[in-house]
Amino acid sequence: ITFQHVTITAPGDSPNTDGIHIGRSTGVNIIDTGIKTGDDCVSIGDGSEQIHINGITCGPGHGISVGSLGRYPGEQPVSGIFVKNSTITGTMNGVRIKTWPASPAGTATDMHFEDITLDNVGNPILIDQKYCPWNQCTAQVPSLIKISNVSFRRIRGTSSTQVAVKLDCSPHYPCDKVEISDIDIAYHGAEGPATSSCTNIKPVISGKQNPAICANTTGSSRTQ
């Protein structure tokens, strides 16, 4: 199925208004589409495979998200997610992968985010394996969703939060085979320049890196 030249609009403060939610689906294309909403512009749930998002404008909203994953038993693997040539403006998050703590075992792999332009975006690049809105989880128990084969390439623009790159992976399954290349994200707040935060991950880094990626990695990591 293909969505092309679609416009989706909801107030920026409207709750639970995902622009397009995908789940248990294979071969979905979203092309040249504009989404303004109060939740994720696009959310990609369990069982999604071969999802291609190209040329969308997102904002306001919560960004473009894989997940949340791992809240319920019996969820299906996620693989083959491609987000390219898109612009995100004034959102709470940019591109993110989110999984619940204390999750059943699962996998999310082959996810690629490339050529993304950011304008005043919170949490521009985010892997959050401690996703727990409204404290509806057992936060101290690690997520069992294994994240692997991920790339963030040529992502540039401005952040509304000082931590521009946050990669917070599970201590049980550290993120594996993550590539970060040509990142240039500026933050202009009083606290100082943009920073990154990395836990349980050791990504492959190449090209420009602003901010410096994983300069102070914590937790266990796996050599790529």
Discussion item. Using the rule given for side chain to side chain donor-acceptor pair (under 3.5 Å), can you reason through S206 versus S181, listing the C-alpha separation, both sets of side-chain angles and the distance that settles it, and then say yes or no?
Written reply: CA-CA 5 Å; S206 64; S181 177; 3.0 Å; yes
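- In this structure, Q162 contributes its side chain and P193 its backbone to a donor-acceptor pair below 3.5 Å.
- Of the residues listed (I1, V66, V42, V78), the one engaging I22 in a side-chain contact (heavy atoms from CB on, under 4.5 Å) is V42, and it is the only one.
- Here the closest non-hydrogen pair linking R71 and E75 is N-OE2, 3.2 Å.
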Begin with the C-alpha distance, continue with both residues' side-chain angles, and end with the deciding distance and a verdict on side chain to side chain contact (heavy atoms under 4.5 Å, CB included) for D46 and R24. CA-CA 6 Å; D46 78 289; R24 306 288 175 106; 2.6 Å; yes
Original post:
When you look at L167 and C214, which way does the side chain to side chain contact (heavy atoms under 4.5 Å, CB included) test go after all the steps?
Top reply: CA-CA 8 Å; L167 310 174; C214 298; 4.1 Å; yes
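- The line from CD1 of I205 to OG of S196 is 7.5 Å long, rounded to the nearest 0.5 Å.
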Item checked: Residues N120, T158; criterion side chain to side chain donor-acceptor pair (under 3.5 Å); working and verdict -> CA-CA 5 Å; N120 195 37; T158 57; 5.4 Å; no
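- With sequence neighbours excluded, no residue forms a side chain to side chain donor-acceptor pair (under 3.5 Å) with D128.
- Both I147 and F113 are assigned to one and the same hydrophobic cluster, defined by single-linkage of ILVMFWY side chains at heavy-atom distances under 4.5 Å.
- A donor-acceptor pair under 3.5 Å links the side-chain atoms of S159 to the main chain of V121, judged by distance alone.
- The backbone N or O of G23 lies less than 3.5 Å from a partner atom in the side chain of S25, making a donor-acceptor pair.
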- Item | Stepwise side chain to side chain contact (heavy atoms under 4.5 Å, CB included) check, V95 with F152 | CA-CA 9 Å; V95 290; F152 300 96; 4.1 Å; yes
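- Here the OG-NE2 distance, from S160 to H188, works out to 11.5 Å after rounding to the nearest 0.5 Å.
- To the nearest 0.5 angstrom, I145 atom CD1 is 14.0 Å from K98 atom NZ.
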**Request:** Could you please spell out the steps behind the side chain to side chain contact (heavy atoms under 4.5 Å, CB included) verdict for I44 and I53?
**Result:** CA-CA 11 Å; I44 300 165; I53 299 169; 4.0 Å; yes
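- H62 and N93 get closest at one heavy-atom pair: O-CB, 3.2 Å.
- At least one side-chain heavy atom of V150 sits under 4.5 Å from a side-chain heavy atom of I97.
- Residues A102 and T138 come closest through the heavy atom pair CB-O, 3.9 Å.
- Rounding to the nearest 0.5 Å places OG of S79 at 6.5 Å from CD of Q50.
- The hydrophobic cluster containing L69 does not contain L126, counting ILVMFWY residues as joined when their side-chain heavy atoms lie under 4.5 angstrom apart, directly or transitively.
- Under the side-chain contact (heavy atoms from CB on, under 4.5 Å) test applied with I56, the options T87, D32, I64, I20 reduce to a single match, I64.
- The closest donor-acceptor contact from the side chain of T161 to the backbone of N123 lies under 3.5 Å.
- With hydrogens and angles disregarded, no donor-acceptor distance shorter than 3.5 Å links the side chain of T91 to the backbone of I88.
- Within the structure, every pair that satisfies the ring-ring contact (aromatic ring centres under 6.0 Å, His included) test and touches residues 69-109, not counting sequence neighbours, is listed here: H52-F82, F82-H112, W100-Y131.
- Contact of the D115 side chain with the I155 side chain is not registered, since no non-hydrogen atoms from C-beta on lie closer than 4.5 Å.
- A donor-acceptor pair shorter than 3.5 Å can be found between the side chains of T2 and N29.
- A donor-acceptor distance shorter than 3.5 angstrom exists from the side chain of T33 to the backbone of I31, with no hydrogens or angles considered.
- Annotation: the span from D110 atom CG to I51 atom CD1 amounts to 11.5 Å, rounded to 0.5 Å.
- Take R153 and apply the side chain to side chain donor-acceptor pair (under 3.5 Å) test, not counting sequence neighbours, and it matches E114, S151, E179.
- S103 places a side-chain N or O within 3.5 Å of a backbone atom of L144 that can act as its donor or acceptor partner.
- Looking at heavy atoms from C-beta onward, D168 lies out of side-chain contact with I127 at the 4.5 angstrom threshold.
- Q76 places a side-chain N or O within 3.5 Å of a backbone atom of G74 that can act as its donor or acceptor partner.
- For the residue pair S14 and A10, the shortest heavy atom distance occurs at OG-CB, 3.7 Å.
- Side-chain atoms of D40 do not come within 3.5 Å of backbone N or O of S65 as any donor-acceptor pair.
- Residues P174 and I201 are not in side-chain contact: their nearest non-hydrogen atoms beyond the backbone lie 4.5 Å or more apart.
- Closest approach of G67 and S43 over heavy atoms only: O-CB, 4.0 Å.
- Rounding to the nearest 0.5 angstrom, the gap separating the CD1 atom in I185 from the CG atom in N210 is 8.0 Å.
- Closest approach of C175 and Q129 over heavy atoms only: SG-OE1, 3.8 Å.
- I213 and Y187 fall into different hydrophobic clusters, where Ile, Leu, Val, Met, Phe, Trp and Tyr side chains are chained together by heavy-atom contacts under 4.5 Å.
- Residues I180 and I125 share a hydrophobic cluster, clusters being chains of Ile/Leu/Val/Met/Phe/Trp/Tyr side chains in contact below 4.5 Å.
- Side-chain atoms of S143 do not come within 3.5 Å of backbone N or O of T99 as any donor-acceptor pair.
- Residues R156 and D182 have side chains in contact (heavy-atom distance under 4.5 Å, counting atoms from C-beta outward).
- L118 and V163 sit in two unconnected hydrophobic clusters of ILVMFWY residues. Membership requires side-chain heavy atoms under 4.5 Å apart, directly or through other members.
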